[in-house]
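To start, the structure under review is shown below, and the notes come after it.
Order of the sequence lines fixes the chain letters, A, B, ..., with proteins taken first and strands second; residue numbering starts at 1 for each chain. A quick note: this is a predicted structure, and the numbers were derived from the prediction, not measured.
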Number of protein chains: 2
Amino acid sequence: MSMSLQIDAAPTFPLCPIEPAAHIIGQKWTLQIVYFLLDSTSMRFCELQDRLGGVNPSTLSSRLKMLEEEGIVRRTQISAIPPHVEYSLTEKGRTLEDVIRAVTQWSNTWLCGRCS
Amino acid sequence: MSMSLQIDAAPTFPLCPIEPAAHIIGQKWTLQIVYFLLDSTSMRFCELQDRLGGVNPSTLSSRLKMLEEEGIVRRTQISAIPPHVEYSLTEKGRTLEDVIRAVTQWSNTWLCGRCS
DNA sequence: CATAGCACTACGCTTAATATAGTATGCGCT
DNA sequence: AGCGCATACTATATTAAGCGTAGTGCTATG
C-alpha cells in the first residue's frame, strides 16, 4: 500500500500519438483503398480489386472488414438487378482526405521515379 | 510486327500515385519512427527501441536500413567516447512532416479513445 | 576483472499476405 | 433446361513479414 513501493515497471514513455492511426494505415493496401474510395462515390469489390492491381481477395476482404469496423468504410448491399455490394467512405473516412493529400503530394514530389 | 496485333494484356488502369509511398509508410513502425525522429534532432537505436515500445530489434534494424536506402534516414557513426550510432532524418525525410502532421491530427480527432 | 550499456545479429515461431482454386447467387442466351 | 458469365466472396496451401528470446562484439565504469 506504500506509495514508495512501486513495482518497477518498464520505463513508461509518453505514448506515440500516431500509434492508433499507424495501426490502421500501416496495414498493407489501406492507403490505396482509401485513395480510390475518395476518388469515387462508391466502388464494388471487383472494381477495387482491379484498381489495386494484384491484391488478393482474402486480403481485400479482411481489409474492408477492418475498415468497416473502424467506421471508415460503409458496406452497402444494393438490391437492384443485378444485386451487388458497394463500398464507400463514411464521414470519418472522408476526413482522411488530408492524410491522403499529404501522402500523394510527398509521393509525387519525392518518389515519382517509380511511377512508370 | 503489325501494330494492330497486340498481346491482350490485363486491362491497365492508371497507377495509384500513392503506391510508392504506401510501400514505405505502409510498413509497420515506419510512421512511428519518422514521428520520433521529427521530434528530436537525432536518436540512438536503443532510444528508438524504448520509445516505440515493443518493436523487435530485427524489425527496427531492417526498417532503419530500408529508410536509409530510401534516403529518408541518415545513419551516423559518432566516434566520440563512447562511440555510438545516431539516426536522424535527411531533408527528404523531414518533408514527411506534412504527412505526420495530418496523421497525428486525424489520430487525435478520431482515435483518441485508444490512447490511454 | 566483472558488470553494464550500446548496436545490433541469429534462431525458431507465429501472424499476415499471397496465388490459386472454388462456392453461391443471379442473369442472359439458346 | 442447360451453359456461360459476372459479382462477391471463401478455402487451402505456400511464402513473407514480424515477433520473442537469446547472444555477440565492443567499450566504458566500478
Side-chain angles (χ1 to χ4, degrees), chain A residues 8-11 13 16 19-20 22-34 36-37 40-70 73-88, chain B residues 8-11 13 16 19-20 22-34 36-37 40-70 73-88:
Chain A
D8 93 305
F13 288 105
C16 178
E19 210 191 296
H23 187 245
I24 295 173
I25 68 180
Q27 284 185 269
K28 213 169 171 184
W29 301 110
T30 302
L31 278 174
Q32 287 103 310
I33 290 169
V34 174
F36 283 122
L37 288 181
S40 62
T41 49
S42 73
M43 286 181 94
R44 303 187 181 187
F45 190 91
C46 283
E47 203 178 347
L48 273 168
Q49 222 181 175
D50 291 341
R51 280 334 220 30
L52 293 169
V55 65
N56 116 335
S58 321
T59 307
L60 180 54
S61 179
S62 81
R63 199 62 70 248
L64 287 169
K65 230 163 250 163
M66 181 274 283
L67 288 170
E68 203 189 341
E69 279 162 19
E70 294 292 343
V73 159
R74 181 174 25 240
R75 184 184 186 277
T76 318
Q77 295 233 38
I78 307 285
S79 306
I81 293 176
H84 60 273
V85 180
E86 293 199 340
Y87 295 95
S88 56
Chain B
D8 93 304
F13 288 105
C16 179
E19 211 191 295
H23 187 244
I24 294 172
I25 68 180
Q27 283 185 268
K28 214 171 170 182
W29 302 110
T30 302
L31 279 174
Q32 286 103 310
I33 291 170
V34 174
F36 283 121
L37 289 180
S40 62
T41 49
S42 73
M43 287 179 93
R44 301 186 183 188
F45 191 91
C46 283
E47 202 178 348
L48 272 168
Q49 222 181 174
D50 291 341
R51 280 335 223 23
L52 293 170
V55 66
N56 125 328
S58 320
T59 307
L60 180 55
S61 179
S62 81
R63 199 63 71 247
L64 287 168
K65 228 162 250 161
M66 181 273 284
L67 288 170
E68 204 189 340
E69 279 163 18
E70 294 292 343
V73 159
R74 180 175 27 240
R75 185 185 185 276
T76 318
Q77 295 234 40
I78 308 285
S79 306
I81 293 175
H84 61 272
V85 179
E86 294 199 340
Y87 293 95
S88 56

message: Would you compute the distance between atom CZ of A/Phe45 and atom CD of A/Glu86 and round it to the nearest 0.5 angstrom?
response: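 Answer rounded to 0.5 Å: 14.5 Å.
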Can you tell me the distance, in whole Å, between the [atom1] atom of [X] and the [atom2] atom of [N]?
{"X": "A/Leu52", "N": "D/dA8", "atom1": "CG", "atom2": "P", "answer": "14 Å"}
{"X": "B/Leu60", "N": "C/dC8", "atom1": "CG", "atom2": "P", "answer": "9 Å"}
{"X": "B/Arg75", "N": "C/dC6", "atom1": "CZ", "atom2": "C1'", "answer": "12 Å"}
{"X": "A/Leu64", "N": "D/dC9", "atom1": "CG", "atom2": "P", "answer": "8 Å"}
{"X": "A/Phe45", "N": "D/dT7", "atom1": "CZ", "atom2": "P", "answer": "12 Å"}
{"X": "A/Gln27", "N": "C/dT18", "atom1": "CD", "atom2": "C1'", "answer": "16 Å"}
{"X": "A/Glu47", "N": "D/dC9", "atom1": "CD", "atom2": "C1'", "answer": "16 Å"}
{"X": "B/Tyr87", "N": "C/dC6", "atom1": "OH", "atom2": "P", "answer": "14 Å"}

Looking only at side-chain N and O atoms, does [X] come under 4.0 Å of OP1 or OP2 in [N]?
{"X": "A/Thr59", "N": "C/dT18", "result": "yes"}
{"X": "A/Lys65", "N": "D/dA8", "result": "no"}
{"X": "B/Arg63", "N": "D/dG18", "result": "yes"}
{"X": "A/Ser58", "N": "D/dT10", "result": "no"}
{"X": "B/Lys28", "N": "C/dA16", "result": "no"}

Nearest to side-chain heavy atoms of [X], which nucleotide of [options]:
{"X": "B/Ile81", "options": "D/dA28, D/dT7, C/dT18", "result": "D/dA28"}
{"X": "B/His84", "options": "C/dT20, D/dT7, C/dA7", "result": "C/dA7"}
{"X": "B/Pro82", "options": "C/dC8, D/dA28, D/dC19", "result": "D/dA28"}

Under 3.5 Å donor-acceptor pair, A/Asn56 side-chain atoms to C/dA19 base atoms: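 In this structure, the two groups form a donor-acceptor pair.
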- prompt: If you find the nucleotide of DNA chain C closest to A/Gly26 and the one closest to A/Pro83, which residue's nucleotide is nearer the 5' end?
  reply: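 Counting from the 5' end, the first nearest nucleotide belongs to A/Gly26.
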Is there a side-chain contact between [X] and [Y] in this structure, where contact means two heavy atoms from C-beta onward sitting under 4.5 Å apart?
{"X": "A/Leu67", "Y": "A/Leu37", "result": "no"}
{"X": "A/Val55", "Y": "A/Gln32", "result": "no"}
{"X": "A/Leu31", "Y": "B/Ile25", "result": "yes"}

